[in-house]
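Side-chain atoms are counted along with the backbone in the values below, which use heavy atoms only and exclude waters and symmetry mates. Numbers restart at 1 for each chain; the letters A, B, ... are given by sequence-line order, proteins then strands. Remember, predicted model here, so these are calculated numbers, not experimental data.
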Amino acid sequence: MTVRTRFAPSPTGYLHIGGVRTALFNWLFARRHGGQFILRIDDTDLARNIDEALDPILEGLRWLGIDWDEGPGVGGPYGPYFQSQRADRYRTAAEKLLASGHAYRDYATPAELDEERKAAQAAGKPFLYSRRFAAFDDAAAARFEAEGRKPVVRLKMPREGSLVLEDAVRGRVEFAWEREQDHVIQRADGSCLYHLASVVDDHDLAITHVIRAEEHLSNTPRQAFIALSLEYELPGYAHLPLVAEPGSRTKLSKRKLATYLKNQDFRRVMEHGQAIAERIGLTGEADTFNPVIVDFYREVGYLPWAIDNYLALLGWSFDDKTEFFTREELIEKFSLERINASPASFDPKKLWAVEDHYMAALPVEEKLALMLPYLEKAGLVASPPTAEQREIVGKVIEAAGDRLKVAGDILAYADFFLVDEPEMDPAAVAKRLAKPGVRPLLEAFTAAARETEPFEPGPLEDALKATAEAAGAKVGDLVHPVRVAITGRGVGPGLYDYLAILGRERSLARLERALPRCG
RNA sequence: GCCCCCAUCGUCUAGUGGCCCAGGACGUCGGAUUCUCAGUCCGAAAACCGGGGUUCGACUCCCCGUGGGGGUGCCA
């Protein structure tokens with residue numbers, strides 16, 4: 001039997017981090033077993049701008065390297081892969097259920113149902129519909145119709161016995177049938193509901209393993225009932241632990257963004273991203289541009305595999321030591337058995353550390369390819385960049401080293417090489433330049449730099465140290481003012497590298513321009 | 001209310017009765033290196049939710065609490 005898994009997102013316009021984790025696990029499991037991963041679109045709500053709402057999701061998955069064997073864009077033998085195009089399949093299934101007595105037409109109004117529900121709750125009893133508006137024969141149906149009622153189709157759930165399921169993550173779980181509601185599977189207007197659609201689709205698409213979030217665990221009995229009644233073979237189930245809010249156990253939701261932003265780590269990641277977005281002219285709406293949504297990471301320039309690797313560790317582990325995996329390793333090592341059952345909270349700090357790890361390991365050439373587009377978007381280099389610009393940026397990347405965590409970080413490290421007059425950070429100027437005694441030091445170094453030959457890091461270091469020593473000052477007393485003069489900032493990579501990258505002429509010009517601001 | 005799931009350092013986790021006075025990682029704190037920042041290196045603090053069983057022996061098994069979460073929709 002070929003393993004077939006699926007990810008079935010609704011076209012909401014964004015790809016949620018928890019959704020990605022689900023997609024990733026499905027994809028990994030399919031790849032692990034040489035099976036197929038199917039992308040199905042749960043668009044029963046018939047959103048108008050389906051493409052617009054779907055694109056970010058497809059793009060996000062592609063970016064993450066989660067490729068699908070069947071679904072939008074690639075087709076496949078089991079299509080269509082949009083629920084909106086499969087409505088007749090659901091209606092046929094509903095008819096079958098009706099005919100076999102596993103469902104019935106119900107004429108109760110929502111208000112009447114609600115009344116029963118409330119009464120049960122008030123009595124402290126589990127709610128069980130009385131079925132008093134159920135039409136089990138035509139005569140009853142005609143009577144209700146005569147009253148002007150419209151029917152929905154409800155499941156006729158068993159009222160005794162229980163369902164025992166073997167969940168790959170949770171083990172044996174048992175549900176008493178009598179606790180299950182007679183859920184509606186078809187609305188009064190004839191359209192069908194999620195649970196029916198989902199079960200029919202999983203069967204039609206020959207899905208062998210349903211791997212989904214834990215929030216669906218309680219839904220499983222009613223879905224299993226539908227499947228069993230339709231004489232489908234039950235798929236294997238694996239209910240993944242919830243991805244929870246940072247520092248909490250509550251399900252991560254994009255609606256509660258404001259709450260998450262109170263979390264310091266989360267806010268830092270957000271602000272870091274916003275700073276980059278601003279410079280590349282991204283009008284980041286908080287709705288989609290935030291650390292709960294995958295687009296955020298793509299736009300800011302995280303490495304997709306860092307996200308995948310981090311997410312794989314959210315609820316799954318290989319052993320007590322291994323944390324980094326290549327794509328091939330992860331596929332080879334992934335298994336449902338090692339999925340943890342308890343919820344895992346999303347930790348932006350850990351994601352950051354994983355990103356740091358992969359970015360640090362990336363060869364300069366690859367970083368360059370990733371980072372140049374950011375400088376282009378910010379208008380700091382030509383489009384395409386000139387050979388000279390490429391060279392400068394390449395050198396900056398080398399000098400900046402591990403300081404570049406995401407591709408967008410290049411903006412803060414290369415900008416002052418690409419403009420004639422860098423902006424001066426007032427705080428840095430006040431702290432390092434506008435102090436008594438700085439000016440003569442800087443003048444002395446300017447003179448020394450004029451003569452330094454060649455204008456390379458080594459000789460420059462010697463020159464600076466000699467200058468400081470001659471003036472009876474510490475190296476730091478000179479390094480800091482020079483950095484501010486050159487870059488406009490108080491912190492940054494090795495100064496000698498930066499001087500060399502900038503070149504003699506431009507370095508001297510900046511040093512001279514800084515002199516008047518000295519104390 | 002009712003049903004279901006979950007419970008090890010702040011966080012992600014290892015641990016399937018003795019190897020555990022609980023291991024790793026992120027983060028935190030301290031130190032070293034350095035021109036700042038980043039990094040790197042060294043070191044430290046930090047957890048088995050509570051109570052009962054079972055057992056020669058429980059983080060590991062069972063029960064009960066407690067806490068957290070999910071479901072309970074003509075949402076998905």
Side-chain angles (χ1 to χ4, degrees), chain A residues 8-10 12 42 44-45 83 106 108-110 113-114 117-118 120-128 150-154 167 169-170 173-176 178-181 183-189 191-195 197-198 213-222 239 241-242 244 246-251 265 310 313-324 338 340-354 356 360 400-405 409 413 428 431-432 461 464-465 468 474-480 482-484 489-496:
Chain A
S10 300
T12 49
D42 279 11
T44 45
D45 274 354
Q83 287 198 330
D106 181 51
T109 63
L113 244 295
D114 208 42
R117 225 188 307 266
K118 284 202 175 112
Q121 202 175 111
K125 286 195 188 141
F127 168 59
L128 254 195
K150 287 257 182 270
V152 296
V153 177
R154 282 184 189 280
D167 186 280
V169 175
R170 283 153 221 279
V173 274
E174 184 169 358
F175 303 88
E178 58 176 349
R179 286 292 108 88
E180 287 300 315
Q181 308 303 319
H183 290 281
V184 174
I185 53 173
Q186 187 170 23
R187 295 185 180 95
D189 68 4
S191 62
C192 291
L193 268 353
Y194 168 77
H195 293 297
S198 185
E214 196 212 289
E215 56 190 298
H216 289 289
L217 184 60
S218 308
N219 297 334
T220 307
R222 83 192 68 142
H239 286 93
L242 243 43
S248 150
R249 297 279 189 194
T250 313
K251 180 182 158 189
D265 308 316
Y310 169 72
L313 261 17
L314 217 52
W316 175 87
S317 67
F318 174 64
D319 58 17
D320 60 335
K321 299 261 155 61
T322 322
E323 294 218 288
F324 297 111
R338 292 201 58 86
N340 210 83
S342 51
S345 81
F346 174 66
D347 181 3
K349 286 197 305 278
K350 180 93 180 200
L351 203 203
W352 182 258
V354 175
D356 186 7
D402 295 340
R403 294 169 185 81
L404 301 167
K405 310 292 188 195
D409 282 340
Y413 286 90
K431 187 173 175 194
R432 301 300 192 184
E461 180 168 1
L464 186 139
K465 284 184 172 161
K474 281 184 289 186
V475 174
D477 295 336
L478 182 50
V479 164
H480 296 302
V482 174
R483 170 177 290 106
V484 176
R489 282 167 219 173
V491 296
L495 179 63
Y496 312 118

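- Using a 4.0 Å heavy-atom cutoff across all strands shown, A/Asp265 reaches no nucleic acid atom at all.
- If you measure from atom CZ of A/Phe318 to atom C1' of B/C12, you get 17 Å, rounded to the nearest angstrom.
- For A/Arg170 against B/C5, a side-chain-to-base donor-acceptor contact under 3.5 Å is absent.
- As a whole-Å value, the separation of A/His480 NE2 from B/C35 C1' is 5 Å.
- A salt bridge is absent between A/Lys251 and A/Glu214; no separation between the charged side-chain nitrogens and carboxylate oxygens falls under 4.0 Å.
- A close approach under 4.0 Å does occur between a side-chain nitrogen or oxygen of A/Asn340 and OP1 or OP2 of B/A14.
- Among the atoms of the strands shown, only primed sugar atoms or phosphate atoms (P, OP1, OP2) are found under 4.0 Å from some heavy atom of A/Asp402.
- Side-chain N/O atoms of A/Lys321 and base N/O atoms of B/A14 include no donor-acceptor pair closer than 3.5 Å.
- Rounded to whole Å, atom C1' of B/C6 lies 14 Å from atom NE2 of A/His239.
- For the OP1/OP2 pair of B/G73 and a distance below 4.0 Å, the side-chain nitrogens and oxygens of A/Arg117 include at least one atom meeting the criterion.
- If you check every strand for non-hydrogen atoms under 4.0 Å, A/Leu314 touches sugar and phosphate atoms only.
- For the P atoms, the distance linking B/U16 with B/G23 amounts to 14 Å, nearest Å.
- At whole-Å resolution of the value, NZ in A/Lys405 and P in B/G27 are 9 Å apart.
- The base of B/C37 is paired with the side chain of A/Arg403 by a donor and an acceptor separated by under 3.5 Å.
- Looking at heavy-atom distances under 4.0 Å, A/Ala341 makes contact with sugar-phosphate atoms alone, never a base.
- Atom CD in A/Glu174 sits roughly 18 Å away from atom C1' in B/G71 (whole-Å rounding).
- Between A/Ser218 and B/G70, a side-chain N or O to OP1/OP2 separation shorter than 4.0 Å is absent.
- The phosphate of B/C3 (OP1 or OP2) has no side-chain N or O of A/Arg222 nearer than 4.0 angstrom.
- Using a 4.0 Å heavy-atom distance criterion, A/Ala197 is classed as making no nucleic acid contact.
- Heavy atoms of A/Pro241 sit nowhere under 4.0 angstrom from any nucleic acid atom.
- Counting non-hydrogen atoms under 4.0 angstrom, A/Val173 reaches the backbone sugars and phosphates but no base.
- Between A/Glu180 atom CD and B/C2 atom C1' the separation is 12 Å, expressed in whole Å.
- Taking 4.0 angstrom as the limit, A/Arg187 places a side-chain polar atom (N or O) nearer than this to OP1 or OP2 of B/C75.
- Taking 4.0 angstrom as the limit, A/Ser345 places a side-chain polar atom (N or O) nearer than this to OP1 or OP2 of B/C12.
- Spacing between B/C48 and B/C59 at atom C1', rounded to whole Å, works out to 5 Å.
- Among the atoms of the strands shown, none is found under 4.0 Å from any heavy atom of A/Gly401.
- One C1' atom belongs to B/C56, the other to B/G31, and the distance between them is 47 Å to the nearest Å.
- Residue A/Gly494 is in base contact, counting any heavy-atom pair closer than 4.0 Å across all strands shown.
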